[in-house]
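We name chains A, B, ... by the order of the sequence lines, and we start the count at 1 in each one.
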Protein chains: 2
Amino acid sequence: MPLDPLSSTFAALADPTRRAILARLALGETSVMELAKPFDMSLPAISKHLKVLEHAGLISRGREAQWRPCRIAPASFKQVDGWLGNFRRFWDESFNRLDGLLEEMKAEEAAKASPRSQRKVRVTKEKQRGRTRG
Amino acid sequence: MPLDPLSSTFAALADPTRRAILARLALGETSVMELAKPFDMSLPAISKHLKVLEHAGLISRGREAQWRPCRIAPASFKQVDGWLGNFRRFWDESFNRLDGLLEEMKAEEAAKASPRSQRKVRVTKEKQRGRTRG
DNA sequence: AGGTTATTTAACCGATGAGCTAAGTACATG
DNA sequence: CATGTACTTAGCTCATCGGTTAAATAACCT
């Protein structure tokens, strides 16, 4: 039973070896041998990790003679970022300011549209903002 | 043997039930019973999931009489976002533009400082995100 | 063809993870 | 104190995961 894409992506990211591999690939495409070097681990183990990363959509692999160069694949990263976005307001102060601004603008717009505006209290969370980030 | 924080956080996020719980908590603090309702699963199973989420730093729990209200805890989300930031340039176009701009500026700065300067690393470490929501 | 290099597959092992049921704990109230 | 409500812990099962070694595949190079 295959997991949903987001689950397999998160599962792939849950291993420090695999994250280290991704960090290396962020510097540029490279071979399996090269990727394996920093690790005190057999080659098949690395091969398995790469399979997991590929299946999670975090890397893609080409073919050049006997090498299988690996590189970062953006899609799954983007998907993770998108999911994380649902929670950004919980920690990102500048996001909160933007969110507040958008809400204000929306409220004004609504007020203009219908003078007898009944405000729906869909205000998400606490209103404490006034902090400034450094 | 405890995993590093990022690993346990990603591992916690790799389960769809747990992500659904987090999505529910994004709407506001609530009890275990309330959280369990949508799932066709025993209460102990939910309890375990919550333990995993708490240990991963994704939620925190209070005590009110016999209830243990759960709420989102920002820190681990932020850490995941931070890690993801190392790869943002691979998919975020506006980030790329900003990145390019910063590099240009840096290059100019360097050129001014020492005419024969060698440039080496990219500037991915900055907390810049050219995100536009909508 | 035969050998070297790069990488994967197969078969196995111990540990962890997600689910269950049954029993235990903590608090509230009749 | 007894009962009910809200949860957690204990103990089990079964599947998956991360690692191993040994063997297989694939492409290049005499």
Visitor: Looking only at side-chain N and O atoms, does B:R61 come under 4.0 Å of OP1 or OP2 in D:dT8?
Guide: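 Yes, B:R61 has a side-chain N/O under 4.0 Å of OP1/OP2 on D:dT8.
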
Visitor: Under 4.0 Å between a side-chain N or O of A:K51 and OP1 or OP2 of C:dT7?
Guide: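 For A:K51, the contact criterion (side-chain N or O under 4.0 Å from OP1 or OP2 of C:dT7) is not met.
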
Visitor: Can you tell me which nucleotide in D:dG19, C:dG19, D:dT8 comes closest to the side chain of B:S47?
Guide: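 Nearest listed nucleotide: D:dT8.
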
Visitor: Answer yes when B:R19 and A:D4 have at least one side-chain N-carboxylate O distance shorter than 4.0 Å, and no when they do not.
Guide: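 Result for this pair is yes, salt bridge flagged.
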
Visitor: Working to the nearest 0.5 Å, report the span between CZ of B:F77 and CD1 of B:I59.
Guide: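 These two atoms lie 9.5 Å from each other.
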
Visitor: Base contacts versus sugar-phosphate-only contacts with protein, heavy atoms under 4.0 Å: please encode nucleotides 21-30 of chain C as B, S and - from 5' to 3'.
Guide: BB----SS--

Visitor: Side-chain donor or acceptor of B:K48 under 3.5 Å from a matching atom on the base of C:dG17?
Guide: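 Answer is no: no donor-acceptor pair is held.
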
Visitor: I want to check one thing: is the phosphate of C:dG17, taken as OP1 and OP2, less than 4.0 Å away from some side-chain N or O of B:H49?
Guide: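 No, B:H49 has no side-chain N/O under 4.0 Å of OP1/OP2 on C:dG17.
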
Visitor: Atom NZ in A:K48, atom CE in A:M41: separation rounded to 0.5 Å?
Guide: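 Between atom NZ of A:K48 and atom CE of A:M41 there are 11.5 Å.
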
Visitor: Looking at residues 17-33 of chain A, who's got a heavy atom less than 4.0 Å off DNA chain C?
Guide: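 Heavy-atom contacts with DNA chain C come from A:S31, A:V32, A:M33.
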
Visitor: Identify whether the distance between the nearest side-chain nitrogen and carboxylate oxygen of A:D92 and A:R97 falls below 4.0 Å.
Guide: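 No, this pair does not count.
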
Visitor: Is there a side-chain contact (heavy atoms from CB on, under 4.5 Å) between A:L25 and A:L35 once you walk through the steps?
Guide: CA-CA 8 Å; A:L25 288 177; A:L35 285 172; 3.9 Å; yes

Visitor: Which label fits B:W83 and B:F10: parallel for a plane angle under 30°, tilted from 30 to 60°, or perpendicular past 60°?
Guide: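 Because their plane-to-plane angle is over 60°, the rings of B:W83 and B:F10 count as perpendicular.
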
Visitor: To the nearest 0.5 Å, how far apart are CD in A:E64 and CD in A:E29?
Guide: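 Rounded to the nearest 0.5 Å, the CD-CD separation comes to 6.5 Å.
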
Visitor: Can B:R68 and B:S31 be said to form a side chain to side chain donor-acceptor pair (under 3.5 Å), step by step?
Guide: CA-CA 6 Å; B:R68 314 268 144 87; B:S31 73; over 6 Å; no

